[in-house]
Amino acid sequence: MTNIVLSSSRIFIDDIRIHAYHGVLPQERTVGGDYTVSVSADYDISDALETDDVADTLDYSALSDIVSEEMAVPSFLVEHVAGRIARHVLREFPAVTSVTVRVVKLNPPMRADCAGAGVEINLINEKTL
């Protein structure tokens with residue numbers, strides 16, 4: 001039998017729905033708006049493939065907690081929020097090699113009919129290179 005090696009793995013949460021108070025307009029920061037946030041973290045789960053033990057993986061509920069914590073802090077820009085979430089993930093989980101965060105403002109205040117507007121960023125943990 002040949003050796004089988006995990007080439008890559010990622011833990012992710014798609015479209016966490018959350019109400020938050022981000023935006024440049026005063027009404028956005030007073031009334032708030034609805035957002036979706038997706039997070040994916042490149043993380044070696046090879047031990048968990050064998051052990052079936054949650055201690056050998058990255059707990060995605062912890063990722064959700066980070067999103068909730070950072071979304072609760074009002075910002076003018078979703079870029080700033082996404083950066084805070086990504087940096088928090090990398091601080092909390094040093095074994096994460098990179099993290100991608102997507103923040104979408106649903107029903108943005110603009111003259112366009114769209115499902116949402118937002119930002120997606122990817123940060124690399126230089127310590128893991």
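Values below: all heavy atoms of this structure, side chains included; hydrogens, waters and symmetry mates excluded.
- C114 SG to N107 CG: the interatomic distance, rounded to the nearest 0.5 Å, is 8.0 Å.
- Atom CG of L106 is separated from atom CD1 of I18 by 11.5 Å, given to the nearest 0.5 angstrom.
- Annotation for D14: atom CG counts as buried by contact number, over 12 foreign heavy atoms lying within 6.0 Å.
- Of all heavy-atom pairs spanning V119 and A82, the tightest one is CG1-CB, 4.0 Å.
- The shortest non-hydrogen separation linking L123 to A86 is CD1-CB, 3.4 Å.
- Minimum heavy-atom separation, H19 to V31: NE2-O, 3.1 Å.
- Side-chain contact of S75 with R84: a donor-acceptor pair under 3.5 Å is present, judged by distance alone.
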request  = May I have the step-by-step check of side chain to side chain contact (heavy atoms under 4.5 Å, CB included) for I11 and F93, ending in yes or no?
outcome  = CA-CA 12 Å; I11 303 293; F93 304 104; over 6 Å; no

key: Derivation and outcome, side chain to side chain contact (heavy atoms under 4.5 Å, CB included), residues M71 and V81   = CA-CA 7 Å; M71 288 295 288; V81 178; 3.3 Å; yes

inquiry  = Test side chain to side chain contact (heavy atoms under 4.5 Å, CB included) on I45 and L6; report intermediate values, then the result.
reply    = CA-CA 8 Å; I45 63 166; L6 179 67; 4.1 Å; yes

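- Applying the ring-ring contact (aromatic ring centres under 6.0 Å, His included) test to every pair with at least one member in residues 24-65, sequence neighbours left out, gives these pairs: H22-Y35.
- Contact between G116 and V104 at its shortest, heavy atoms only, is CA-CG1, 3.8 Å.
- Counted by atom type alone, T97 and N125 present zero donor-acceptor pairs between their side chains at under 3.5 Å.
- Taking the side chain as every heavy atom from C-beta outward, V67 and L63 never approach each other to under 4.5 Å.
- Distance CD1/I85 to CD1/I16: 8.0 Å, rounded to 0.5 Å.
- Remark: of the listed residues R29, H80, E28, R29 is the sole one forming a side chain to side chain contact (heavy atoms under 4.5 Å, CB included) with P74.
- Minimum interatomic distance between S98 and D42 (heavy atoms only, all atoms of both residues): OG-OD2, 2.5 Å.
- Atom NE2 of H88 sits about 4.0 Å away from atom CD1 of I66, to the nearest 0.5 Å.
- R111 contributes atom CZ, which lies 14.5 Å from atom CG of D113 (distance to the nearest 0.5 angstrom).
- Counting only distance, with no hydrogens or angles, the side chain of T100 and the backbone of N122 share no donor-acceptor pair below 3.5 Å.
- Taking each heavy atom of L90 and V99 in turn, the nearest pair found is CG-CG1, 3.9 Å.
- Atom-to-atom distance recorded for T36:OG1 and I13:CD1 is 13.0 Å, nearest 0.5 angstrom.
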